[in-house]
There are 2 protein chains.
Amino acid sequence: MSEDNQLTDAEDLQERLAEVQTLLARHKLVEDLVHRQEGPRHDLVEDIVHKQHLHELQNKLEPMHPADIAYILEALPPDERLIVWDLVKAEHDGEILLEVSDAVRESLIESMARNELVAAAESLDADELADLAPDLPQSVIDDVFRSLPADEREHLRAAMSYPEESVGSIMDFDMVTVREDVTLEVVLRYLRRFEELPDHTDQLFVIDRDERLKGVLPLNILLVNEVDVEVGSLMQTDFVEFEPDDEAEDAAKAFERYDLVSAPVVDGDGKLLGRVTVNDVVDYIREEAEHEQLAHAGLREEEDIFASVWDSVKNRWAWLAVNLVTAFFASRVIGAFEDSIEKLVALAALMPIVAGIGGNSGNQTITMIVRAIAMGQVQPDAMRRLLRKELGVATINGLLWGSLLGLAAWWLYGSYQLGIVMTAAMTLNLLLAASAGVGIPLMRQKFGADPAIGGSVMITALTDSGGFFIFLGLATLFLM
Amino acid sequence: MSEDNQLTDAEDLQERLAEVQTLLARHKLVEDLVHRQEGPRHDLVEDIVHKQHLHELQNKLEPMHPADIAYILEALPPDERLIVWDLVKAEHDGEILLEVSDAVRESLIESMARNELVAAAESLDADELADLAPDLPQSVIDDVFRSLPADEREHLRAAMSYPEESVGSIMDFDMVTVREDVTLEVVLRYLRRFEELPDHTDQLFVIDRDERLKGVLPLNILLVNEVDVEVGSLMQTDFVEFEPDDEAEDAAKAFERYDLVSAPVVDGDGKLLGRVTVNDVVDYIREEAEHEQLAHAGLREEEDIFASVWDSVKNRWAWLAVNLVTAFFASRVIGAFEDSIEKLVALAALMPIVAGIGGNSGNQTITMIVRAIAMGQVQPDAMRRLLRKELGVATINGLLWGSLLGLAAWWLYGSYQLGIVMTAAMTLNLLLAASAGVGIPLMRQKFGADPAIGGSVMITALTDSGGFFIFLGLATLFLM
């Protein structure tokens, strides 16, 4: 965090956004006038007013925190976004690029010249640079790489080599290390030599001659003890440490469970490589939650709300295509029973209810099971117990809501047989939904796939086609 | 965090859970034997073996961190859960109750005697106690309240008075305060008088005589400066502060934006009341994400995966009832066109496709808009722009996928008129979905409702009934 930038709370931020928008609107008004009018004198006047607005805008942006500027950039439509981006001081470009969403980042990077990109990239730490790298042109990365000192270059190479979702991908290299055979007095003197400590330094890492991690010394402990004590006698040896290949999700859970601010990352030999800090964990948790939310609605990635129609179509078509295929399949199931529907058209009106409720109920089950799996609560032998419970819930719901609908069908169409078929079909489809709701995620987990992905589509496809088949099949068997 | 408890990474935790389960299984085996066999000698032998297992189990649990015990409790079925709960050292009861999910907490509290509950509650800080209070019997709270010293009582009263989702509800009272006219040396000496500093102390709060907050002194700055400097010359006066009535969500966003570890909470007069720390923010973010995920699938609250069938039915019925009503309504829309379906049964097979794709597309739109609103990106004047974009996307998708399906319908049923109706209905229903996807959340926001809640149900209801109506209506007009 840059200490010289103002911090604002949520309301202030909204106000600032409004101010920026007002200035942009005025600026646009002037520009429109310039385009409409002719003559050199007019141009000159307008030009001055014009520049005044931009200057005022720049003054507003100047003291703002990069994260707040990122926020404002996200909220602006593309043309206004680029005006603001041009006015932002170049020294903050890198930090701002890190803060904005992927979609907006792309549009900003596209607008920048190569030397601007190199300058922005060079202002970042190795771990930050690694996050930005996938969006930068290769030539820019090569340039930056060449300009780095050897150790930074090594850090960058390491940071870029770890897969996404690994601890390595959220690790940084800003840590303070001490030796165990020195006194706190020496440590305090050593710290005073720093210009400032790295952000989120809540503990110092105690290492030996071979850079192997021996323990950690929390600042809390450093500060409450007398200065003549040795580090070795105060350091904690029971602490959470990660390896770069550990799952970021596991690290996030450990941060949550143990309320950590930072944690060391070591290699297989116990050599200290870097650390993970809570701010990266918070970002990770938020991103994962968003990712899941988007995936659930079939959006491939976060969408710039001002994206072009075409970009939006590209972001959304895959999901619609999948659903089209499953819907088409369900339609063919119905098609197979057209004779029955022709004889008893009430079936056409009632069948979507059976399919729909099955889908809802199946989604409830699968959501619960996926959550339980994610929290590590589902042991292999719990499967039978879970299935039994879900089948119980399905039976109760099926008989309860199925009977209600059966009565409604009887009342509407005057056929108690139709009512019984309705009740039976509802119950059977809910049982199908429950089995699939437990089975699909557990199967996916067994075969090493992420149990959270695509489950909802699969279960809806199953309960739609299955629901139509069960209801129309029973009707054909018993009512024709 | 208790310093004397072992911390474990994710794999170890799984192993420990497995060990606990093995011991529980052995314990159960012995118990089954005891029940099956008779005679005092057998009983005695079994009893010893029995006790041995429980003793071994207790040894396993003894060194574990409360959060890890909470994890194990969550993963065990009710009967085994209570065996483990009985073995846990009473001094950790309070902390563990805080860590488990609401559903599991209820089952644990039910199993505890009143004096155990009072003891557990008394071991907690005021802010923690306030979190637990809603689940405790009133008599327990009264007892605890009477036993507290006056200032703690005041804290508890305050903590319990703030609404959920407010900063007050996630605030704690563990802060270290200093005066601005003392030197760092004095501060360091003052800190050494502490047994230990409160967790997440990354900054000291600088207050005046009237407890008004003047600035903050980050430990980072304290540690790198010479000891003869005065606090006043080093403290930062530009910092994020909250009031207890601020939204917790806004605080979470500020923590994310500015990478905070702690932030002060002040009253209207600037008097320091408490602080928010990043661990509470992490819990809040995780809980909100989970809550949203559950709400999306129509689960009222987190479900104990081992909950009884009946508890699960209660947790899920409301959503199914709502969907039943909307499905029934859609069914009546179809019912109004039964004559048309009787004449052209292909309509019955094709109509679910129109309805289904509309629902998917509408959910994509609404998810995006709700996210944009949550991030504060949607200004009132952006509405027209967003609507225009979404209508554009809908038109393209409608013509694209609609034509494909129109061709399929033509091919299947040999009627190009049917194909055209199919294409037109798809396009119109996608336009309806787009309008509703933009309109519903913006309307809800305008009228002060949470735009995230229930949007998915509303839009699916609309695209189902609307889709049936548009498709069957067009068919009746042009094909009959």
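Convention: sequence-line order gives letters A, B, ...; per-chain numbering from 1. Excluded from the calculations below are hydrogen atoms, water molecules and symmetry mates; all remaining heavy atoms, backbone and side chain alike, are included.
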Closest-packed option against chain A by number of heavy-atom pairs under 4.5 Å, given [options]:
{"options": "B:Met351, B:Lys343, B:Glu390", "answer": "B:Glu390"}
{"options": "B:Ser331, B:Ala67, B:Ala321, B:Ala289", "answer": "B:Ser331"}
{"options": "B:Ile72, B:Thr367, B:Asn323", "answer": "B:Asn323"}
{"options": "B:Glu247, B:Glu99, B:Glu249", "answer": "B:Glu249"}
{"options": "B:Thr365, B:Leu344, B:Asn397, B:Ile353", "answer": "B:Ile353"}
{"options": "B:Ile285, B:Leu320, B:Leu386, B:Ile357", "answer": "B:Leu320"}

For the interface with chain B, which of [options] has the highest count of heavy-atom pairs at distances below 4.5 Å?
{"options": "A:Val281, A:Asn279, A:Asp464", "value": "A:Asn279"}
{"options": "A:Asp202, A:Leu294, A:Asn363", "value": "A:Leu294"}
{"options": "A:Arg193, A:Arg332, A:Glu226", "value": "A:Arg332"}
{"options": "A:Leu324, A:Leu347, A:Val261", "value": "A:Leu324"}
{"options": "A:Leu188, A:Thr201, A:Asn225, A:Asp339", "value": "A:Asn225"}

Practice task
Can you tell which part of B:Leu391 gets under 4.5 Å to a heavy atom of chain A, answering side chain, backbone, both or neither?
Solution key: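 Contact with chain A: none, neither part.
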
Exercise for the section: Give, as side chain, backbone, both or neither, the part of B:Val278 having an atom under 4.5 angstrom from any heavy atom of chain A. Expected result: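 For B:Val278, side-chain heavy atoms alone lie under 4.5 Å from chain A.
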
Less than 4.5 Å to any heavy atom of chain B: does that hold for the side chain of [X], its backbone, both, or neither?
{"X": "A:Ile396", "value": "side chain"}
{"X": "A:Leu404", "value": "side chain"}
{"X": "A:Glu195", "value": "backbone"}
{"X": "A:Phe255", "value": "neither"}
{"X": "A:Phe468", "value": "side chain"}
{"X": "A:Leu412", "value": "side chain"}

Problem - Short N-O contact, B:Arg371 and A:Glu74, less than 4.0 angstrom - result: no

Do you know the tightest heavy-atom contact between [X] and [Y]?
{"X": "A:Val309", "Y": "B:Gly392", "result": "CG1-C, 3.7 Å"}
{"X": "A:Val345", "Y": "B:Glu338", "result": "CG2-O, 3.6 Å"}
{"X": "B:Asp68", "Y": "A:Arg257", "result": "OD1-NE, 2.8 Å"}
{"X": "A:Leu191", "Y": "B:Val224", "result": "O-CG1, 3.4 Å"}

Handout entry: Geometric class of the A:Tyr258/B:His65 ring pair [parallel <30°, tilted 30-60°, perpendicular >60°]
Key = perpendicular

Under a 4.5 Å cut-off applied to non-hydrogen side-chain atoms, are [X] and [Y] in contact?
{"X": "A:Asp283", "Y": "B:Glu256", "value": "yes"}
{"X": "A:Asn315", "Y": "B:Gln364", "value": "no"}
{"X": "A:Leu219", "Y": "B:Leu197", "value": "no"}
{"X": "B:Pro352", "Y": "A:Ile334", "value": "yes"}

Exercise for the section: List the steps and the verdict of side chain to side chain contact (heavy atoms under 4.5 Å, CB included) for B:Lys253 and A:Arg286. Expected result: CA-CA 10 Å; B:Lys253 282 194 191 130; A:Arg286 191 70 102 165; 4.0 Å; yes

Measuring from atom [atom1] of [X] to atom [atom2] of [Y], what distance do you get when rounded to the nearest 0.5 angstrom?
{"X": "B:Glu196", "Y": "A:Leu223", "atom1": "CD", "atom2": "CG", "result": "12.5 Å"}
{"X": "A:Glu292", "Y": "B:Glu292", "atom1": "CD", "atom2": "CD", "result": "11.0 Å"}
{"X": "B:Thr460", "Y": "A:Asn360", "atom1": "OG1", "atom2": "CG", "result": "8.5 Å"}

